[in-house]
A.B. asks: 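Dumping the structure here so I can ask a few things about it.
Order of the sequence lines fixes the chain letters, A, B, ..., with proteins taken first and strands second; residue numbering starts at 1 for each chain. Note: hydrogens, waters and symmetry copies are ignored here, and every other heavy atom, side chains too, is used.
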Protein chains: 2
Amino acid sequence: MAATTPTFGSPQAAARNRESLFAASDSRFDRRLAKILAHATDVFYEKGYEGASMRDLARHSGMSLSGMYYYFESKERLLYLIQKYTFTTIVERLRERLKQESDPERRIHAFILNHVQYFLANQKAMKVLSHEDEALKNGFGAEIAALKREYYRICLGLLDEYKRARKLNYSSRTAVLSLFGMMNWIYTWYNPRTDPDAEQLAEEMGDIFLRGISSQGKVNRKKKAVVN
Amino acid sequence: MAATTPTFGSPQAAARNRESLFAASDSRFDRRLAKILAHATDVFYEKGYEGASMRDLARHSGMSLSGMYYYFESKERLLYLIQKYTFTTIVERLRERLKQESDPERRIHAFILNHVQYFLANQKAMKVLSHEDEALKNGFGAEIAALKREYYRICLGLLDEYKRARKLNYSSRTAVLSLFGMMNWIYTWYNPRTDPDAEQLAEEMGDIFLRGISSQGKVNRKKKAVVN
DNA sequence: ATCTGGTTCGAACGTTCGTTCCAATAATAA
DNA sequence: TTATTATTGGAACGAACGTTCGAACCAGAT
């Protein structure tokens, strides 16, 4: 219940970040909050949600421990704000990209490119989103879970489209989740100095995945040619 | 240094689990330790390493808090023992399976089947291994990291074999890590009541992956046939 | 100069953390 | 039985945790 109807330490702070989601960081308050979220993302990235203390977060934000509570009511809500913003943004961008593509195969490529690009451009936030999946309880957790389900369903829809258009028959669920696994695992191994950039990585993964789901039956042992 | 030359609370406990790795759970001590590890795996699975307290672990083991320290010197070492045992076992089983396969494609399938089967049969331990990757520091962490590298290299070798045998040219590194992503992500979504069993899941993922890396160029838009 | 509302922080609250000490108990050997 | 060793747990340690409180500070308006 504290999750759905939170009591804020200060009435000014309360009215602000309740619904604004600080997306439009206009006011002084919103701008400062956005900076705190950015620093908190760094700390969560390095120490994990449980491992990071409010004192760590305060120190990295250049603010006192108690001062933090002027901007959010609890550590849990801080994580929630980070995850919600990150997820909302990636879904937003995806929707814009999908508007411009109609071919089922290209739409899947667009999905993958969007995910990988955003993932690498915001690696820390995306790790916090992927890794701290179970950290939020009750209301907070439910809201993020809903966003996740929405994102999942978009991808599922793309794969169903593609399956119908090509008359294939794979399990869309297994395919979606395998694809998510490929992409979300990136944060555990990616090294920007030695590994390919976002566009190339998206292409490699996209090729593996699309070829993987695109033919019936087992792997052919001989070379193939177009017959029709 | 505490990691490489640990001091045990009790001299009896010290000599035991130092090198035995409790694999051969013969003595009373080893059997009890194995049970504690099993219960601790459950708790780490549900609450994470940082989120699980020694008091949680003790309660689930039906033992007093201080009694736990007779079996291991620290919470960190407890996680280390779980991870080391799990990883050692999966590598062991893999080596046995690979002995029986010589065809490069079948060897990759064997790798995937081994991983997925063990993953689903020991889902909790495998989540603790995958998810709590950065929890161990210094000596403990280095040892697990070495096992991980070994496992990675085995898979890399299999993909290189396959690439040479089929005269393909994908990036083995990206391929390995994509495959690991697919498989290790399972713990975030798998539902034994509704999702396919290990053999079928391994087959689906194996098919996606192998077809994905098996052809050159882009996805063909037409049907294919064997010509040679 | 005073007032007002937004912003900051030092100090402290009560709780929980991992770990230790040491006495008590159970098992085994003599 | 007694002597010895292996195992257990109650109580406590100091440190760290998330959160709260109230006083202080700062800006801009009056």
A.B. asks: Take the protein atom CE of B:Met68 and the nucleotide atom C1' of C:dC21, then report the distance between them rounded to whole Å.
C.D. replies: 18 Å

A.B. asks: How does protein reach along nucleotides 24-30 of chain C, written 5' to 3' as B (base within reach of a heavy atom under 4.0 Å), S (only sugar-phosphate), or - (no contact)?
C.D. replies: -------

A.B. asks: Whole angstrom is fine here: how far is it from CG in B:Leu57 over to P in C:dC17?
C.D. replies: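 From B:Leu57 CG to C:dC17 P: 10 Å.
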
A.B. asks: Quick one: salt bridge (Lys or Arg N to Asp or Glu O under 4.0 Å) partners of A:Glu50, sequence neighbours excluded?
C.D. replies: none

A.B. asks: What is the separation between atom CE on A:Met63 and atom P on C:dT7, rounded to the nearest whole Å?
C.D. replies: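 Distance check: A:Met63 CE to C:dT7 P gives 10 Å.
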
A.B. asks: Among residues at least two apart in sequence or on other chains, which ones pass ring-ring contact (aromatic ring centres under 6.0 Å, His included) with B:His131?
C.D. replies: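 Partners of B:His131 under the ring-ring contact (aromatic ring centres under 6.0 Å, His included) test: A:His131, B:Tyr187.
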
A.B. asks: Under 4.0 Å between a side-chain N or O of A:Ser64 and OP1 or OP2 of C:dT8?
C.D. replies: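 For A:Ser64, the contact criterion (side-chain N or O under 4.0 Å from OP1 or OP2 of C:dT8) is not met.
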
A.B. asks: To the nearest Å, how far apart are A:Lys35 NZ and C:dT7 C1'?
C.D. replies: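 Taking NZ of A:Lys35 and C1' of C:dT7, I get 16 Å after rounding.
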
A.B. asks: Figure out the CZ/C1' separation between B:Phe72 and C:dT20, and round it to whole Å.
C.D. replies: 14 Å

A.B. asks: Report the residues that fulfil ring-ring contact (aromatic ring centres under 6.0 Å, His included) with A:Phe87, sequence neighbours left out, ordered by chain and then residue number.
C.D. replies: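 Listed in chain order: A:Tyr151.
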
A.B. asks: B:Glu132: which residues meet the salt bridge (Lys or Arg N to Asp or Glu O under 4.0 Å) condition with it, sequence neighbours left out?
C.D. replies: none

A.B. asks: Quick one: is D:dA6 close enough that its OP1 or OP2 comes under 4.0 Å of any side-chain N or O from B:Arg32?
C.D. replies: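 Answer is no, no contact under 4.0 Å.
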
A.B. asks: With Watson-Crick and G-U wobble geometry limited to distances under 3.5 Å, how should the secondary structure of DNA chain C be encoded in dot-bracket form, using | for bases paired to another strand and [ ] for crossing pairs?
C.D. replies: ||||||||||||||||||||||||||||..

A.B. asks: Test: salt bridge (Lys or Arg N to Asp or Glu O under 4.0 Å). Region: residues 107-117 of chain B. Which pairs qualify, not counting sequence neighbours?
C.D. replies: B:Arg107-B:Glu161

A.B. asks: Applying a 4.0 Å non-hydrogen cut-off, can you work out what A:Ala52 is touching in the nucleic acid: base, sugar-phosphate, or nothing?
C.D. replies: sugar-phosphate

A.B. asks: I need the OH-C1' distance between B:Tyr71 and D:dT8, as an integer number of Å.
C.D. replies: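 Atom OH in B:Tyr71 sits about 8 Å away from atom C1' in D:dT8.
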
A.B. asks: Quick check on D:dT7: is either OP1 or OP2 less than 4.0 Å from any side-chain nitrogen or oxygen of B:Tyr70?
C.D. replies: yes

A.B. asks: Can you name the residues that form a salt bridge (Lys or Arg N to Asp or Glu O under 4.0 Å) with B:Arg95, not counting sequence neighbours?
C.D. replies: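 Checked B:Arg95 against salt bridge (Lys or Arg N to Asp or Glu O under 4.0 Å); matches are B:Glu150.
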
A.B. asks: Return the set of residues passing salt bridge (Lys or Arg N to Asp or Glu O under 4.0 Å) with B:Glu199 (not counting sequence neighbours), or none when no residue passes.
C.D. replies: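 Partners of B:Glu199 by the salt bridge (Lys or Arg N to Asp or Glu O under 4.0 Å) criterion come out as none, since no residue qualifies.
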
A.B. asks: First locate atom CD1 of A:Ile112, then atom CG of A:Leu179, and finally report the distance between them rounded to the nearest 0.5 Å.
C.D. replies: 4.5 Å

A.B. asks: Under 3.5 Å, which donor-acceptor pairs link side chains of residues 32-47 of chain B to any protein atom two or more places apart or in another chain?
C.D. replies:
| residue | atom | partner | partner atom | Å |
| --- | --- | --- | --- | --- |
| B:His39 | ND1 | B:Lys35 | O | 3.1 |
| B:Thr41 | OG1 | B:Leu37 | O | 2.7 |
| B:Lys47 | NZ | B:Asp56 | OD2 | 3.1 |

A.B. asks: Once you round it to whole Å, what is the distance between P of C:dC17 and OH of B:Tyr49?
C.D. replies: 13 Å

A.B. asks: Taking side chain to side chain contact (heavy atoms under 4.5 Å, CB included) as the test, write out the residues that go with A:Asp133, two or more places apart.
C.D. replies: A:Lys148

A.B. asks: Are A:Phe29 and A:Tyr71, when compared by the centres of their aromatic rings, separated by less than 6.0 Å?
C.D. replies: yes

A.B. asks: Which parts of nucleotides 19-30 of chain D does protein reach within less than 4.0 Å, heavy atoms only, written one letter per nucleotide 5' to 3' as B for base, S for sugar-phosphate only and - for none?
C.D. replies: BBB---------

